[in-house]
Amino acid sequence: MPLADILDRIRAEEARVGRAPGSVQLIAVSKVQPLERVVAVLEAGHRLFGENKVQEAAGKWPALRERFPGVTLHLIGPLQTNKARQAMELFDAIETIDRPKLARTIARLKDELGHCPKLYVQVNTGEEEQKAGVLPAEADGFIAECRGLGLEIAGLMCIPPVDEAPALHFALLAKIAARNGIGELSMGMSSDFETAIAQGATHVRVGSAIFGERDYG
Ligand SMILES: *Cc1c(COP(=O)(O)O)cnc(C)c1O
């Protein structure tokens with residue numbers, strides 16, 4: 001099945017670029033996919049998934065988690081502050097921390113709930129108007145601000161512009177992470193995850209190459 005092919009390609013690229021076997025984790029992006037496709041991937045033994053909307057994830061994952069213990073769920077889409085509580089209860093990681101107001105809300109809820117998902121800061125490496133994420137020049141300051149609020153930043157995440165070669169964006173994200181002492185890098189999707197692995201990705205987010213094309217109709 002496509003899942004096994006993608007895992008093979010990840011292992012092959014790790015080996016090719018001299019990364020330790022298993023150092024890259026596959027986040028299967030299940031947004032908008034029919035439930036039976038998601039169940040098939042769970043039945044194949046995969047447990048790490050990504051969703052980009054809180055509401056959509058809330059509608060399917062609580063029941064799937066009961067059926068398939070050991071699921072880890074990452075939020076990879078933009079988060080509104082009014083959904084932060086729900087997101088913190090539902091997700092094991094939030095990859096899209098990108099502004100002070102959201103960081104402050106999460107810091108407050110962390111104290112209130114007594115737990116906090118793993119947090120990544122999203123960086124808008126292409127400085128695209130329509131895209132979420134902090135600008136590269138503001139990343140160091142924002143990471144410091146998050147840490148000042150008592151938030152641990154485990155990783156960085158980016159979505160490069162569709163019309164540019166992704167390698168330079170991945171390299172930029174890796175550089176920002178290195179100078180801030182951040183260990184995890186969520187980068188690379190169906191079309192470019194091997195390039196991301198060569199640039200140091202610890203997590204690749206692959207949707208359509210595993211599940212097939214998304215049907216938004
Ligand atoms: C949908 C999505 C992906 C997966 O994209 P594919 O091209 O289907 O692999 C990865 N990351 C984010 C943030 C997404 O929204």
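When reading the values below, keep in mind they use all heavy atoms of this one structure, side chains included, and skip hydrogens, waters and symmetry mates. Whatever order the structure lists them in is the order used to number ligands and atoms, beginning at 1. Since we're looking at a predicted model, the values are computed, not measured.
The shortest non-hydrogen separation linking His115 to Met88 is CE1-O, 3.1 Å. Considering every non-hydrogen atom in both Met157 and Ile76, the closest pair reads CE-O, 3.4 Å. Contact detail for Ala201 and Val24: the closest heavy-atom pair is O-CG2, 3.4 Å.
For ligand 1, the 4.0 Å heavy-atom shell contains residues Val29, Lys31, Ile76, Met157, Ile159, Met189, Ser190, Arg205, Val206, Gly207, Ser208, Arg214.
A donor-acceptor pair shorter than 3.5 Å can be found between the side chains of Arg205 and Ser186.
Applying the ring pair (Phe, Tyr, Trp, His ring centres under 6.0 Å) definition to pairs two or more places apart or across chains, none involves residues 7-27.
No option in Arg147, Lys175, Arg179 other than Arg179 meets the salt bridge (charged side-chain N to carboxylate O under 4.0 Å, His left out) test with Asp140.
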